[in-house]
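Side chains included, hydrogens not; waters and symmetry mates left out as well; all remaining heavy atoms used.
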Amino acid sequence: MLRLTLAGNEIELYENEPVNLSYQFSDIQNINASSSSFSQTFRVPLTKKNQDYFGAVNEFGLITTWDPKVKVDAELIYNTIPVMRGFAQVKAVYVQKGKYADVEIAVFGETANLSRDIGNGMLTDLDLSSYNHTLNATNIEASWAGTLSSSVIRYGLPDKGQNWTSSNIWTTTDPLEHGDFTPYFQASKLFEEIMSAAGYTYDSTFLGRISDLYLALYNGNLAIKGNRNPQAQTMLVGYTSDQTGLATTSPGQFSNFTGLSESSPFYDTGPNFTGGASYTAPFRAYYTFRINIYGRLSHSSHDISIRLAKNFSTEIFAPTQLTDTNAAFFDDVTHNFVTAPILLDEDDFVNLQYLNDTSSHTLAVDGDNTFSPESTWWEVVEISAPTSTQEVDVAGNMPKMKQIDFVSGLQKMFNLVFIPDRNNPKHLEIEPFNDYMASGAQKDWTNKIDLSKDITIAPTTDLQARQYDWTHSNGKDIINDIVFKNASRVYGRYRVEDPENDFASGNKEIKSPFAPHVVSYIPGTQYAVHRMLIDTDQDDKTIKDPLPRLAFWNEQQAGTIYYQNDGNSATTTDSEYPAFSQFSDLEATVTDEDLGFGAERPFHIVEANPLFTLYYKYWRPFVNELYSSDARKLTAFFRLTRSELATFEFSDKVYIKDTYWRILSISYDATSEDLVKVELLKVLGDIRDCQFIPSGIDKADGKIQFTNPQGNPVDQVTRVCCERYGYFYDNASSNCFQPFEQ
């Protein structure tokens, strides 16, 4: 007997109404989809008991409490065996003869709930406060050692718009600020946080293996976001009335403008303005000031100088138009200037100052209690995020991305499958397709097939597209942009084409939401970093809406860097710099991993292109089952018990006569013990990607080493197999080499 519950309420069913269920591994036309299941629509009678749940949905003008837009938890049970858990959707209500009513329902399987439960939340919405930390040298160094939040956070050194070159790179006298580094967050831990927030648990050996995969915490802001709001520390102060008789206190010594008001229409949000004269920096950051001077000198032949000074004596801004400016050019002229960003330490104080060239002559400035051009005032226009000592807001630095897009992005990259536990739909098994299929049991269904029904064995040609593309998204940074403009594709794309299939049509694209984290050298140096800046003649080279980027942590690499110590009072020297790249090792070789789908020529020196691209390692066996000339799909009817249906796994290898198959879909009527329709795909062995497969490199002569189909090492290979993996083919020797033209 079949039972249906909706939100814990048992729903009465028609005794003989079929409820056809379909379990499917994936929609074959969308090969990056996770497994799902569903029922065809079926009707339930609007009995009194059912109406207690649905309400009077058969009444035309009555508004009921039941909401057709909301997914409702559902479970179908045959006798005591759960056959499907997930959610239900009411499709329609049918009224017959104005008296009897039916409710049409469809039930969808558990994994369809994952997207709903994660919802539309952004990465910035996650509670990651337990990973917040102080931005200082101690914690940056701890991240390199793997002791900051147990290696969940590592600090890297991408160029976010600083536009470093050999001429402006860090030095002992101009070291890196703490904010010049960029935090990266461990991808597997972020995945765990998303799933936990949605109420899910999971088992996954794969996610435990990618502990060195990190997400760059960069969202377009050059500085790191922290718990201190810079815009809450601005000020605008000015004179409420004209000031006359201002004289230099001592010959050759600057004097402060004093008596400036911070009362409306002026303000001091900090408050940081004191004594009517001084602004005190609340934290180490870059401060931008604006000054407006309107006045006159008492003697036309003498000069005046005006400046901003730090700690009274250090000049930080002195416009040439107001340095030794003659009264003829100063009097009754608006002088308005905006400074470049100025680095100030916490507790540095800034004053607006003037100097008369003769102490006997006086200065007068106008003040009318406004910040008009013909008045005198100065302000803090903008403050960067603190470059040091603040508490880093980890969630606030996340790139602009939905949580579900991060999860589905990993699925697309690594061909992950999400398999719900039958006893707990919110517990998942998450593994790459290859690993999951290798874990399945072998089952012999040879004697369960119904030979009285048609058995269909078909090639997969009608399932194929003419072209499949696996690609990341265009990052628009300087390197990705060059590739996109010159090759009309995203760096690391892989394409499968089948021009020999006359029946294939259309194009399919598996596209991750991440941008390639391509590494190149800071010009004129040997520092290999991700240059996340745009190619422009403008001073501001930051990407305003950067796409998220994943990269492998490559440990610290040889190369001296200089950065501020904890107190910003001295320079720390380190003989290594932190490295992230698309390769599992910065100086990658054949046996390393590559976060590109296809092999590309790198923009920094590597030993050899890695064989294990995302396509080769995670997608190739799956695609071979569709594209091989030996690929077949079988459709037949089987005599399977409800217990067998309740315990099958999509990873099972089903033996029929002399061949193993894997299950694509199972369809049956849950109200009866009738035959079950099963679609299966032929299990193929590991088809070689090419006749010769790269296996290593001979460091003595630079030859790429290959193995033949017998597993024996060979040097001489075909051009096709050489160039397939991004190597250079030498016609004279039939040898293969790593291309070094970077």
Side-chain angles (χ1 to χ4, degrees), residues 1-24 26-27 33-120 198-199 420-426 640 642 645-646 665-677:
M1 177 181 178
L2 187 69
R3 295 169 52 219
L4 169 67
T5 60
L6 299 180
N9 298 278
E10 186 150 343
I11 304 299
E12 293 180 329
L13 304 175
Y14 280 115
E15 185 175 351
N16 297 317
E17 175 78 5
V19 178
N20 295 310
L21 305 183
S22 180
Y23 293 85
Q24 59 182 21
S26 65
D27 179 359
S34 303
S35 61
S36 62
S37 53
F38 64 92
S39 74
Q40 295 179 353
T41 59
F42 59 95
R43 296 187 184 187
V44 301
L46 195 62
T47 62
K48 182 180 184 307
K49 181 177 181 179
N50 289 350
Q51 193 170 51
D52 287 343
Y53 174 71
F54 290 109
V57 292
N58 57 320
E59 299 293 336
F60 300 155
L62 184 65
I63 299 176
T64 68
T65 57
W66 170 75
D67 188 348
K69 296 181 179 180
V70 176
K71 294 178 179 179
V72 178
D73 291 334
E75 183 175 19
L76 284 165
I77 302 171
Y78 184 79
N79 292 332
T80 60
I81 301 174
V83 294
M84 185 176 290
R85 286 188 177 98
F87 66 88
Q89 179 184 12
V90 173
K91 309 294 280 189
V93 177
Y94 297 88
V95 180
Q96 300 114 26
K97 298 180 181 180
K99 184 176 181 181
Y100 305 104
D102 290 341
V103 180
E104 186 179 48
I105 293 175
V107 177
F108 298 89
E110 300 97 331
T111 53
N113 268 344
L114 179 60
S115 176
R116 179 197 73 173
D117 292 336
I118 293 177
N120 291 318
D421 188 311
R422 282 188 170 88
N423 298 315
N424 179 7
K426 287 204 168 185
L640 300 175
R642 290 301 176 266
L645 288 170
S665 68
I666 291 181
S667 303
Y668 65 98
D669 179 4
T671 63
S672 70
E673 297 279 355
D674 204 354
L675 293 172
V676 177
K677 182 180 179 181

Hey, are the side chains of [X] and [Y] touching, using non-hydrogen atoms and a 4.5 Å cut-off?
{"X": "Asp102", "Y": "Leu46", "result": "no"}
{"X": "Ile77", "Y": "Leu2", "result": "no"}
{"X": "Val107", "Y": "Val19", "result": "no"}
{"X": "Pro18", "Y": "Phe42", "result": "no"}
{"X": "Phe54", "Y": "Leu6", "result": "yes"}
{"X": "Leu645", "Y": "Val676", "result": "yes"}

* Asked: Applying salt bridge (charged side-chain N to carboxylate O under 4.0 Å, His left out), which residue pairs with at least one partner in residues 3-23 are found, sequence neighbours left out?
  -> Arg3-Glu10
* Structure fact -> By salt bridge (Lys or Arg N to Asp or Glu O under 4.0 Å), Lys677 pairs with (sequence neighbours left out) none
* **Residues forming a salt bridge (Lys or Arg N to Asp or Glu O under 4.0 Å) with Asp669, sequence neighbours excluded** =>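 Expected list: none.
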* For Tyr94, what residues pass the side-chain hydrogen bond (donor to acceptor under 3.5 Å, both in side chains) criterion, not counting sequence neighbours? ->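 In terms of side-chain hydrogen bond (donor to acceptor under 3.5 Å, both in side chains), with neighbours along the sequence ignored, Tyr94 is linked to Glu104.
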* To do: Check side-chain hydrogen bond (donor to acceptor under 3.5 Å, both in side chains) between Thr5 and all other residues, then give those that pass, not counting sequence neighbours.
  =>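 So Thr5 forms no side-chain hydrogen bond (donor to acceptor under 3.5 Å, both in side chains) with any residue.
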* Using the side chain to side chain contact (heavy atoms under 4.5 Å, CB included) rule, take Glu673 and Tyr668 through it: C-alpha gap first, then chi angles, then the decisive distance, then the call. => CA-CA 9 Å; Glu673 297 279 355; Tyr668 65 98; over 6 Å; no
* Asked: Which distance, rounded to the nearest 0.5 Å, do you find between the CD of Gln89 and the CD1 of Ile105?
  ->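 Output value for this atom pair is 10.5 Å.
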* Asked: How many angstroms lie between CG in Asn120 and OG in Ser115, if you round to the nearest 0.5 Å?
  -> 7.5 Å
* Please assess Asn9 against Tyr53 for the test side chain to side chain contact (heavy atoms under 4.5 Å, CB included), listing each intermediate value before the final yes or no. => CA-CA 7 Å; Asn9 298 278; Tyr53 174 71; 3.6 Å; yes
* Asked: Would you say Tyr100 has more than 12 foreign heavy atoms packed within less than 6.0 Å of its OH?
  ->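 Open.
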* Structure fact -> Between Tyr78 and Ala670 the two heavy atoms that sit nearest each other are CD1-O, 3.0 Å
* To do: Evaluate the criterion salt bridge (Lys or Arg N to Asp or Glu O under 4.0 Å) for residue pair Lys426 and Asp117; output intermediate values, then yes/no.
  => CA-CA 10 Å; Lys426 287 204 168 185; Asp117 292 336; 3.7 Å; yes
* Asked: Between Asp52 (side chain) and Asn50 (backbone), is there a donor-acceptor pair under 3.5 Å?
  ->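 Between the backbone of Asn50 and the side chain of Asp52 there is no qualifying donor-acceptor contact (under 3.5 Å).
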* Out of Val93, Val90, Val95, which one pairs with Val57 under the side chain to side chain contact (heavy atoms under 4.5 Å, CB included) rule? ->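 Only match with Val57 under side chain to side chain contact (heavy atoms under 4.5 Å, CB included): Val93.
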